[in-house]
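Presented below is the structure to which this report refers.
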Amino acid sequence: MAKYSKAMLAGLYKTLYTIRVFENSCIKLYRQGLIRGYFHPYLGQEAIATGVCAALEKDDYITSTHRGHGHCIAWGGDLKKMVAELLGKETGYCSGRGGSMHIADITAGNLGANGIVGGGIPLGLGAALGASIRGERRVAVTFASDGASNNGVFAESLNMAGAWNLPYILVIENNQYAVSTPIEEVTRVSDLYKRGPGYGVESVCVDGNDVLEVYQQAKEAVTLCRRGKGPVLLEAKTYRHMGHHVNDPGAYMPEETLAYYKSKDPVKIGRKYLLEMGKATEEEARDIEKAVEHEMEEAIEFAVTSPEPSLEEFLKEV
Amino acid sequence: MAKYSKAMLAGLYKTLYTIRVFENSCIKLYRQGLIRGYFHPYLGQEAIATGVCAALEKDDYITSTHRGHGHCIAWGGDLKKMVAELLGKETGYCSGRGGSMHIADITAGNLGANGIVGGGIPLGLGAALGASIRGERRVAVTFASDGASNNGVFAESLNMAGAWNLPYILVIENNQYAVSTPIEEVTRVSDLYKRGPGYGVESVCVDGNDVLEVYQQAKEAVTLCRRGKGPVLLEAKTYRHMGHHVNDPGAYMPEETLAYYKSKDPVKIGRKYLLEMGKATEEEARDIEKAVEHEMEEAIEFAVTSPEPSLEEFLKEV
Amino acid sequence: MSTTQETAQARTRTIMYREALNEALREEMRRDPKVFLMGEGVAQRGGSYKVTTGLLDEFGPKRVMDTPISEASFVGAGVGAAITGMRPVVEILFVDFAMLALDQIANQAAKFKFITGGKGKVPLVLRTQGGVGSGLAAQHSQSLEALFYHIPGLKLIMPSTPYDAKGLLKSAIREDDPVIFIEHKLLYMTTGEVPEEEYSIELGKADIKRRGTDVTIIAWSHMVLRALAAAEKLAEEGIEAEVFDPRSLVPLDKEMIIDSVKKTENVVIVQEAVRRGGIASDIASIIQAEAFDYLDGPIEILAGKNTPIPFNLNLEKACVPQEEDIIEAVRRMVSGT
Amino acid sequence: MSTTQETAQARTRTIMYREALNEALREEMRRDPKVFLMGEGVAQRGGSYKVTTGLLDEFGPKRVMDTPISEASFVGAGVGAAITGMRPVVEILFVDFAMLALDQIANQAAKFKFITGGKGKVPLVLRTQGGVGSGLAAQHSQSLEALFYHIPGLKLIMPSTPYDAKGLLKSAIREDDPVIFIEHKLLYMTTGEVPEEEYSIELGKADIKRRGTDVTIIAWSHMVLRALAAAEKLAEEGIEAEVFDPRSLVPLDKEMIIDSVKKTENVVIVQEAVRRGGIASDIASIIQAEAFDYLDGPIEILAGKNTPIPFNLNLEKACVPQEEDIIEAVRRMVSGT
Ligand SMILES: Cc1ncc(C[n+]2csc(CCOP(=O)(O)OP(=O)(O)O)c2C)c(N)n1
Ligand SMILES: Cc1ncc(C[n+]2csc(CCOP(=O)(O)OP(=O)(O)O)c2C)c(N)n1
Ligand SMILES: [Mg+2]
Ligand SMILES: [Mg+2]
């Protein structure tokens, strides 16, 4: 594995830790009744959003999923606007109209989370297509899930991206479940990257809990795409740290498997990289963590004290 | 190649020739204004329907396409009811309600042509599923097209058939065009059977102009399915002998390619097998042909003299 | 108590809507081995709203199947299985996701019998649920029944009570045409009386959930509960509202609607779906055509706003008719102002 | 000549509907490099109905793209491209096949602007065509506009003349919301006058295609031609029918409809789509609510039968309103019998 600078590793760790803290804090808000609707935590999958987004540039595009907080944060999202959106406030990313499943940051190129599993795949394809028509070197990344890989748009879009040589990276976060249904029950080949070659698409598989492995492969994928050699199918194997959504106890997840993946906690791995490869001190790591925790507190404060959307305004709009 | 009996080869040739005569005769009726709507001739693809259906038993199921006359004939369809349906007559398979794109023979297990490209794929999957639930040894075959392979249901259904080990054979008749669009322009890998392995599905490719090759591979696929080792993806390479539909001159089809495939005419190949492998005489072959031509004349006579559907009856129904 | 229930003399139990659905499935699966279920999480998880709980245990994995997230294909597989002799009950988790399968629903299931000149049949039930919950936002809150209503060849059932849910689901499973059966996420845990004995309810028969003489409130699915609550309040003011629940939108019990309208001469239609192009408009168009001379004034439609459903709860609430809206509309109409 | 055309003082040419569409595309593509086309056979073949003929040659394969038969994904790709700054014009060959893409249309395109609190926009045009041709049967003859009409967030345009087709398509391409633009297979070769100069027509403005005082016939798309033919015949009997073409179903020019109704006090709505749950019902429900006291009698809806379209031409003809049906309906209404 290549060697990375301390600053780079610190940046990755900061993102990993932010996602972790964000999700844990917001789960608390959910349990307090401040957040409503569906909430699908990204806990356990942090390294994927973090590693992939680190390989992108700011004018690239991403599309996200129903489990989308991690992507938004890794893409540089503003925690204040995120929490505010989860609370349905006017100051949120979507002025309280969207909520968890629809957080988007359009101007920054984050085309949004999506309540339709697989719904973001064609959107990402279209972003890549637009960039290609304009002759830009931008890349579009779609974060998708193992469940989405069984939806028709997955194959259709992968095929079109291939036929048109688009700068498109289709990331499958294979956390091995669609709600409670194990991937092995709904497909014969649970190595989902193996579907790429049938479409002539460059396909790779990475350990989705290892942020540097994700980053490296994503970087190569981005390079291919910028050279006009896209698309790339990138499968990242991972596992959730809890049930499907905040209210799912996840009883169907075998204890040993969960323990195994927790022992490969992406946030701990990122910290280890920072300390060992980055030669950072324990104190430096703690400083990052404290800064994140502080930022999170401020975001919650901001969101809680933000105004509700105006009903009158809304009724005028619709 | 295995050796086949004269009776078997005569049967295959009869089917091949019937499809050929049926399409040519009906094209004439179309040009006379007796048939309306869309008419997609099966000319050039006769060996696929013929070979596959010969490998099936009468209680199996098939689903067909918008180019479906050949499947209906190979499945043992009644020419009288077919022509009558093309003429929109009450005596047609669908009482004149369906027409060319919807000919079906439900009681015989032909679930019908389909105006939606790919539309029959899930239907065939469901027929296989039903058979599997009931514990029967029936097989379901979907005839699909290269165009259909790029529609989402193709991948979805192939995957489900695999996950559930269904007795399902998905035949792609790769005639290399979707209307005027060449398959190479809309996918990177125009060997479409290569999409199967990504789903863990047994996949084979045959020369779709050679009825015995088609038959042999179909037979193996059927055997696998009956043993519970399905599904199978079977690609048959072929080429149309004319444009997409009766009114399409097919100017985009390169002359040399067309000439090449016409030199591999499936009907001629079938005749050659009958004469050479089956040791039939020229006269015996002609007898078959005359019988077919006679049957066709009778079918046209029947259809032309059949009554239109009753408008009053229809208005009562709807 | 509703007219239908009045005629049922049976001993009853109080159960939840989702339990009533579960009983219907269980009874029909016991009765007929051709009935099987498929959908996302219907087997191991017993359904997102617990409608299929326990059925995997009783009927095994061949008849209760978890599917991948392949809506178009598993709905289409249901159609194919139905054509070839099975009686599939396919679940789509949210009616919003039925959009992924609409080709198989509208172009295959709905057309098949017609296309084959009546020779083929499609005894398929597509169970799904719609409506606003609380904070599920734009892609998980829609009321899309109008789309199915407009496609010839489909039947469309939307029960509002456990009694109706059970009786209608049993009939839907026995029906030879494809039936779209739309439940409501806010109804699953509501309770009601259901007979001990077996029963079923004929598709296409409306039910008057409350008798009245001053105004006919037509409502279906969750809106029936709002209409009933409104009617109780209105009764305190001396206004007797008839609460009319079509239950079956296709076929629609037009005759019974017209009878009610002729009696009350005032009509309010309450629909959760967006106003534009909803079923309420169609019912209104039928009433004005067939009972024009009986109407005291225009038919009033209370419906959802023409907007996707917002996440924020206050905004969400403003998008669908509330009890107070119904009360006000009826008051306005009856007082003639 | 229609009101809109009366105001245009320009020199005109007579061209076909499909040529008018072609001109609109060409002009907008010249004007704005962000406009591009995709669909099945739009490039090399120039479109099944020759609407995109010659555009590949002028604009090259990056801006005129043939797609695989992947409706859901290429429509979705149009949405993604639109969100990120392009102005895609996506063609779906038959509106029947839009069912395959309905999730991307209804759940993505239609919702995006709302979901993002107005921060995102989707300047996408989805061109397609519907209606009965001759003998194309159940999956190639549908009129499905009511489905789009019911989904908030979409605009819906259905032009009946070359003039409207060109002017409205140009505006649709410049519009920031997704527009469903439905042509009619029987209109492509009809001709009409179109100005030499550039022009566009504002979305949401209706057009009175013929002025009259006795009855308002509301019709759109191909039915406008039938209504006009009927009106000519009726004029010979002394009945002056106003032929009202909304052109834009969403937004709908309600004000102008109500004005016409107040003038004529008689309304016939002619719709090719099936009767149940069609847009005619919605327009009727609006008229009865807003002009109840002006109506001489019930609004009459002439619409398609509630059935899939049969292949046989006699049966097909019986399924959609014909000129004679319109004449009879108007006669009945005006004579008051
Ligand atoms: C098209 C569609 N079908 C079903 C659902 C309901 N649903 C929401 S999340 C989910 C499971 C998704 O699993 P996966 O795609 O693997 O993503 P993960 O939750 O594991 O991140 C399902 C079935 C949906 N949102 N969209
Ligand atoms: C879903 C869908 N999209 C588009 C069409 C229009 N259409 C009819 S046939 C055809 C081309 C089909 O090509 P292919 O699938 O390869 O079959 P072939 O005609 O070559 O047999 C198209 C695009 C359709 N019928 N259905
Ligand atoms: Mg998953
Ligand atoms: Mg082809």
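On a predicted model such as this, the values are computed, not experimentally measured, just so you know. Lettering of chains follows the sequences in order, A, B, ..., and the numbering in each one begins at 1.
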Name the region of B:Leu123, side chain, backbone, both or neither, that has any atom closer than 4.5 Å to a heavy atom of chain C. both
Counting heavy-atom pairs under 4.5 Å with chain C, the top scorer among B:Ala155, B:Gly119, B:Gly120, B:Gly124 is B:Gly119
B:His244 and B:Arg67: side chain to side chain donor-acceptor pair (under 3.5 Å), yes or no, with the steps? CA-CA 9 Å; B:His244 174 63; B:Arg67 198 177 295 290; 3.0 Å; yes
Name the option with the most non-hydrogen atom pairs under 4.5 Å to chain B; the candidates are C:Ala72, C:Pro68, C:Gly80. C:Gly80
Is any side-chain heavy atom of B:Phe39 closer than 4.5 Å to a side-chain heavy atom of B:Glu23? yes
At a 4.5 Å cut-off on heavy atoms, which part of C:Phe74 comes close to chain B: side chain, backbone, both, or neither? both
Determine, step by step, whether B:Tyr42 and B:Glu173 satisfy the side chain to side chain donor-acceptor pair (under 3.5 Å) criterion, reporting the C-alpha distance in whole Å, the side-chain angles of both residues, the deciding distance to 0.1 Å, and the verdict. CA-CA 11 Å; B:Tyr42 199 63; B:Glu173 307 192 24; 2.9 Å; yes
For C:Gly78 and C:Pro88, work out which heavy atoms get closest and say how close. O-CG, 3.2 Å
4.5 Å side-chain heavy-atom contact, C:Ile283 and C:Ile218: yes
At a 4.5 Å cut-off on heavy atoms, which part of C:Phe36 comes close to chain B: side chain, backbone, both, or neither? side chain
Would you call C:Leu56 and C:Pro61 a side-chain contact if the rule is heavy atoms closer than 4.5 Å? yes
I would like to know whether C:Val89 and C:Leu25 meet side chain to side chain contact (heavy atoms under 4.5 Å, CB included); could you show each step before the answer? CA-CA 9 Å; C:Val89 182; C:Leu25 293 170; 4.0 Å; yes
Between chain B and chain C, going by a 3.5 Å limit, which atoms form donor-acceptor pairs, if any?
| unit_1 | atom_1 | unit_2 | atom_2 | d |
| --- | --- | --- | --- | --- |
| B:Tyr93 | O | C:Lys119 | NZ | 3.1 |
| B:Ser95 | OG | C:Lys119 | NZ | 2.8 |
| B:Asn114 | OD1 | C:Gln108 | NE2 | 3.0 |
| B:Asn114 | ND2 | C:Gln108 | OE1 | 2.9 |
| B:Gly119 | O | C:Gln104 | NE2 | 3.3 |
| B:Ser132 | O | C:Lys62 | NZ | 3.1 |
| B:Ser132 | OG | C:Lys62 | NZ | 2.8 |
| B:Arg134 | NH1 | C:Thr84 | O | 3.3 |
| B:Glu156 | OE1 | C:Ser73 | N | 3.0 |
| B:Glu156 | OE1 | C:Ser73 | OG | 2.8 |
| B:Ser157 | OG | C:Ser73 | OG | 2.9 |

Give the member of B:Leu129, B:Ile121, B:Leu125, B:Ile103 that has the highest number of heavy-atom pairs under 4.5 Å with chain C. B:Leu129
Do you know which of B:Gly130, B:Ala127, B:Ala128 has the most heavy-atom pairs with chain C at a distance under 4.5 angstrom? B:Ala127
Does a side-chain heavy-atom distance below 4.5 Å link B:Ser203 with B:Pro197? yes
Examine whether an atom of B:Ala104 lies under 4.5 Å from a heavy atom of chain C, and if so say whether it belongs to the side chain, the backbone or both; otherwise answer neither. side chain
Can you tell me how far CD1 of C:Ile157 sits from CD1 of C:Ile201, rounded to the nearest 0.5 angstrom? 10.0 Å
Could you check if a side-chain atom of B:Glu202 sits within less than 4.5 angstrom of a side-chain atom of B:Leu224, using non-hydrogen atoms only? yes
